[in-house]
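Everything below concerns the one structure shown next.
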Amino acid sequence: MLRTLSIIKPDAVEKNVIGKILSRFEENNLKIVACKMVHLTEDRAKKFYMVHKERPFYMDLIKFMTSGPILVSVLEGDDAVAKNRKIMGATDFKKADSGTIRKDFATSIEKNAVHGSDSLDNAKIEIDFFFKNNEIFKR
Ligand code: IDP
Ligand code: MG
């Protein structure tokens, strides 16, 4: 059983599709074991996306991710990290497979509806970034 971090980004929250996106996770046997709405400050967003600090889109990404509330969740299930990435689809929604979250809800390469951890190590770091251990449901 593995865990990953999911973020429903400000564009998707604004579009009122939180429920539709969470359903995709549940339909694919990922369990939501922690969930909360957060409005990132600039400092927190910069820290979360530190790996991208040299990329040309970094400051736009920070502006976007602080533009409104986000919904952060911990998803648990078999192969959760890779499974979530598959359900999300490619970063650029134009290249995303049909039936993926980004294909259905993204409107640009930046406003692509969701974030998902890209490795087991990053999943642990990202879950710790948003949640205390006692905020995550354990069976
Ligand atoms: P990922 O979210 O699929 O893991 P990353 O390469 O880690 O993709 O990029 C992080 C986020 O930065 C993307 O989800 C997207 O919102 C934004 N982003 C990535 N590439 C570009 C770009 O070329 N232009 C604008 N924004 C981008
Ligand atoms: Mg990434």
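Remember, it's a predicted structure, so these values are computed and weren't measured experimentally. Numbering of ligands and ligand atoms starts at 1, following listing order.
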(request) Specify whether Phe57 and His52 have parallel, tilted or perpendicular ring planes, treating 30° as the upper limit for parallel and 60° as the lower limit for perpendicular. (result) tilted
(message) Strictly by salt bridge (Lys or Arg N to Asp or Glu O under 4.0 Å), give each pair with a member in residues 16-28 just once, sequence neighbours left out.
(response) Arg24-Asp104
(message) Holding to side chain to side chain donor-acceptor pair (under 3.5 Å), I want the full list of residues that pass it with Arg85, two or more places apart in sequence or in another chain.
(response) none
(message) Check for me whether Lys36 meets the cation-pi criterion with Phe130, that is, NZ or CZ under 6.0 Å from the six-membered ring centre and within 45 degrees of the ring axis.
(response) no
(request) List for me each residue that meets ring-ring contact (aromatic ring centres under 6.0 Å, His included) alongside Phe129, sequence neighbours excluded, and say none if there are none. (result) Phe48
(message) Residue by residue, ordered by chain and number, which ones reach under 4.0 Å of ligand 1 with a heavy atom?
(response) Lys9, His52, Phe57, Leu61, Arg85, Thr91, Arg102, Ile109, Glu110, Asn112
(message) I'd like to know whether CG of Asp97 has more than 12 heavy-atom contacts from other residues, nucleotides or ligands below 6.0 angstrom.
(response) no
